[in-house]
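Worksheet: the structure to be examined is printed underneath.
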Amino acid sequence: MTRTEISERLQRYIVEELLDGDGRDLTPTTPLLQWGLLDSIGIVSLLSFIDDNLGVEVPDDAVRPENFETLEKLSLMLDDIVRKAA
């Protein structure tokens with residue numbers, strides 16, 4: 001799975017589950033935490049989605065706020081995890 005595919009699937013999830021289908025303002029650099037789009041419950045839900053739908057298990061040491069700031073940073077983190085596992 002490419003970083004672009006990861007990003008697209010994450011964006012679809014966030015739009016559908018967190019933004020009730022209204023993703024017109026969501027970009028790869030939208031500040032997810034700062035805008036309150038992700039909170040602790042949202043991160044747990046997102047991690048579950050990532051594991052169940054992307055097949056990527058995010059290690060505990062990667063669950064840091066800076067990795068969830070934007071779609072871009074989240075995609076980069078996941079891409080790195082996938083590459084290391086390959």
Side-chain angles (χ1 to χ4, degrees):
M1 179 178 317
T2 67
R3 192 171 95 214
T4 300
E5 291 170 323
I6 291 170
S7 182
E8 289 170 354
R9 291 179 74 181
L10 289 172
Q11 184 164 353
R12 256 193 319 267
Y13 172 81
I14 291 171
V15 167
E16 292 171 5
E17 299 297 323
L18 304 176
L19 298 175
D20 297 322
D22 182 11
R24 64 180 154 225
D25 294 331
L26 185 64
T27 70
T29 59
T30 298
L32 302 173
L33 299 173
Q34 190 175 30
W35 285 11
L37 300 176
L38 277 181
D39 57 13
S40 57
I41 294 171
I43 289 173
V44 170
S45 177
L46 182 58
L47 289 170
S48 179
F49 168 80
I50 290 166
D51 189 26
D52 294 344
N53 295 279
L54 303 180
V56 179
E57 186 175 330
V58 178
D60 290 340
D61 65 339
V63 181
R64 298 185 309 255
E66 59 268 19
N67 288 332
F68 292 84
E69 288 178 347
T70 66
L71 273 172
E72 184 175 62
K73 288 184 179 184
L74 184 55
S75 297
L76 285 170
M77 175 195 64
L78 294 174
D79 185 54
D80 186 51
I81 292 169
V82 169
R83 288 178 188 267
K84 287 179 179 175

Atom CD of Glu57: over 12 foreign heavy atoms under 6.0 Å:
no

With rounding to the nearest 0.5 angstrom, report the OG1 to CG distance, Thr70 to Leu26.
10.0 Å

Those residues at least two apart in sequence (or on a different chain) that pass side chain to side chain contact (heavy atoms under 4.5 Å, CB included) with Thr4 are Thr2, Glu8

If you measure from CZ on Phe68 to CG on Leu33, what distance do you get to the nearest 0.5 Å?
8.5 Å

Should Thr27 and Thr30 be marked as a side-chain contact (heavy atoms from CB on, under 4.5 Å) after you check the CA-CA gap, both sets of side-chain angles, and the distance that decides it?
CA-CA 5 Å; Thr27 70; Thr30 298; 3.1 Å; yes

Leu19 and Gly23: which non-hydrogen atoms are nearest, and at how many Å?
CD1-CA, 4.2 Å

Is it true that atom CZ of Arg83 has more than 12 heavy atoms of other residues, nucleotides or ligands lying nearer than 6.0 Å?
no

Let me check something: do Ile41 and Leu38 share a hydrophobic cluster, defined by ILVMFWY side-chain heavy atoms less than 4.5 Å apart, either directly or through other members?
no

Going through the distances and angles, do Val82 and Val56 end up as a side-chain contact (heavy atoms from CB on, under 4.5 Å)?
CA-CA 7 Å; Val82 169; Val56 179; 3.6 Å; yes

ILVMFWY network linking Leu71 to Leu37, side-chain heavy atoms under 4.5 angstrom
yes

Under 3.5 Å, sequence neighbours excluded: what are the donor-acceptor pairs made by side chains of residues 10-18?
{"unit_1": "Tyr13", "atom_1": "OH", "unit_2": "Ser45", "atom_2": "OG", "d": "2.5"}

Do you know which two heavy atoms are closest between Lys73 and Glu66, and how far apart they sit?
CD-O, 3.3 Å

Looking at Gln34, I want to see if its CD is surrounded by more than 12 non-hydrogen atoms of other residues, nucleotides or ligands under 6.0 Å.
no

Return yes if some donor-acceptor pair links the side-chain N/O of Asn53 with the main-chain N/O of Phe49 below 3.5 Å, else return no.
yes

Of all heavy-atom pairs linking Leu46 and Leu74, the shortest is CD2-CD2, 3.5 Å

What distance do Asp79 atom CG and Met1 atom CE have between them, rounded to the nearest 0.5 Å?
10.5 Å

Working for side-chain contact (heavy atoms from CB on, under 4.5 Å), residues Val63 and Asn67:
CA-CA 7 Å; Val63 181; Asn67 288 332; over 6 Å; no

Do Ile43 and Ile6 share a hydrophobic cluster, counting only Ile, Leu, Val, Met, Phe, Trp and Tyr and linking them when any side-chain heavy atoms are less than 4.5 Å apart?
yes

